[in-house]
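Each remark here refers to the structure printed beneath this line.
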Number of protein chains: 2
Amino acid sequence: MPRPPAIPQPTNAELAILRVLWNEGECTVREVHERLPEREVGYTTVLKLMQIMVEKGLVRRNESSRSHVYRAALPEREAQRQLVTDLVDRAFEGSAASLVMHALENNLATAADLAEIRKLLDERSPRSAP
Amino acid sequence: MPRPPAIPQPTNAELAILRVLWNEGECTVREVHERLPEREVGYTTVLKLMQIMVEKGLVRRNESSRSHVYRAALPEREAQRQLVTDLVDRAFEGSAASLVMHALENNLATAADLAEIRKLLDERSPRSAP
DNA sequence: AAGTCTATACGAAAGGTTTCGTATGTCAAT
DNA sequence: ATTGACATACGAAACCTTTCGTATAGACTT
């Protein structure tokens, strides 16, 4: 099944911007700049990055108002899917299970998380199955 | 609990080399070069990369023989742990559970994988627990 | 001893990311 | 109309990654 266009992997700085867009929805450059939590970074830096991201197809923008309005080209879930797949390829030799176990083994998942994961597991392959 | 020194994130090319070292154990540059599956890349390119990796602390080398012998500074599991943690931070806002679900939802895990993951889950928080 | 093979070291180009200064344009209020 | 606030565009520096050519040296063969 042909995957959607397949967009370049976002770099670190690009990912930080995408996170803002995913959280806030549509944003101007100024809004993104204000909400970027990381270290201080200039306004024009963010602007330039977002312009590049338009060229790469990572974000779309609406130029109808003076302050252009940007939105992520991919929904968060899809982008995360690509990131996980990429990491699995690069570092886990294609074994998603191995990656999952690492995530589970390193604390990070709360009890509620574990319950939710278990629920997902049960949906995918019920306990009673062979 | 203080984590070990914490080594810089390996780049793509560095990760490819690390995978060879993890699979083969100790290697000379030539051995790594021969075993690199990816596209053709010159011998001196691999050499240079591995020299840089020594500087960064990603690999150690034994210079006692004419052909230096390299090994990964971190065991595979630990490096993978750092990669997963990093991805969780950068793209999943710290929610490992979210990353796990992505991995699970995208096919990749076989039935055997799922069984193994379930086993791990049961160990971490038994079904009977509150 | 000279030649060949193989090793490391090193410099530097090519390409990508990230940074920001400066130029320029638009709008609104004086 | 001039000014001030704020917007985009753009060029270019600084930095990192990846690539490889060339230099140099040790070991082995002839």
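Per chain, numbering begins at 1; letters A, B, ... match sequence-line order.
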Contact list (N/O, under 3.5 angstrom) for nucleotides 26-30 of chain D vs protein:
residue : atom : partner : partner atom : Å
dG26(D) : N2   : R66(B)  : NH2          : 3.4

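- Expressed to the nearest 0.5 Å, how far OG of S98(B) lies from CD of E116(A) amounts to 9.0 Å.
- Annotation: side chain to side chain contact (heavy atoms under 4.5 Å, CB included) contacts of K56(B) (sequence neighbours excluded): P8(B), T11(B), E14(B), I52(B), L58(B).
- For R66(A), there are no side chain to side chain contact (heavy atoms under 4.5 Å, CB included) partners two or more places apart in sequence or in a different chain.
- Phosphate proximity of dC10(D) to Q51(A): absent, as no side-chain N or O sits under 4.0 Å from OP1 or OP2.
- With sequence neighbours left out, E24(A) forms a salt bridge (charged side-chain N to carboxylate O under 4.0 Å, His left out) with R35(A).
- Nearest-nucleotide assignment on DNA chain D puts the 5′-proximal partner with V69(A), out of I52(B) and V69(A).
- Ion pairing between a basic and an acidic side chain is recognised when a charged N comes within 4.0 Å of a carboxylate O; R118(B) and D122(B) show no such pairing.
- For the OP1/OP2 pair of dT8(C) and a distance below 4.0 Å, the side-chain nitrogens and oxygens of R30(B) include no atom meeting the criterion.
- Legend: residues meeting side chain to side chain contact (heavy atoms under 4.5 Å, CB included) with E55(A), ordered by chain and number and at least two apart, are absent.
- Looking at heavy-atom distances under 4.0 Å, S67(B) makes contact with sugar-phosphate atoms alone, never a base.
- Relative to the ring axis of Y70(A), R60(A) does not place its NZ or CZ within 45° and under 6.0 Å from the centre.
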Nucleotide N/O to protein N/O under 3.5 Å, stretch nucleotides 28-30 of chain C:
none

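- Residue T44(A) places none of its side-chain N or O atoms closer than 4.0 Å to OP1 or OP2 of dT22(C).
- The shortest distance between the side-chain N/O atoms of T45(B) and the OP1/OP2 oxygens of dC20(D) is below 4.0 Å.
- Here dA7(C) presents its P atom at 12 Å from OH of Y70(B), a figure rounded to the nearest Å.
- Note on K56(B): every side-chain N or O is 4.0 Å or more away from OP1 and OP2 of dC16(D).
- Residue Y43(A) places at least one side-chain N or O under 4.0 Å from the OP1 or OP2 atom of dT8(D).
- N23(A) and E93(B) share a side-chain donor-acceptor pair at under 3.5 Å.
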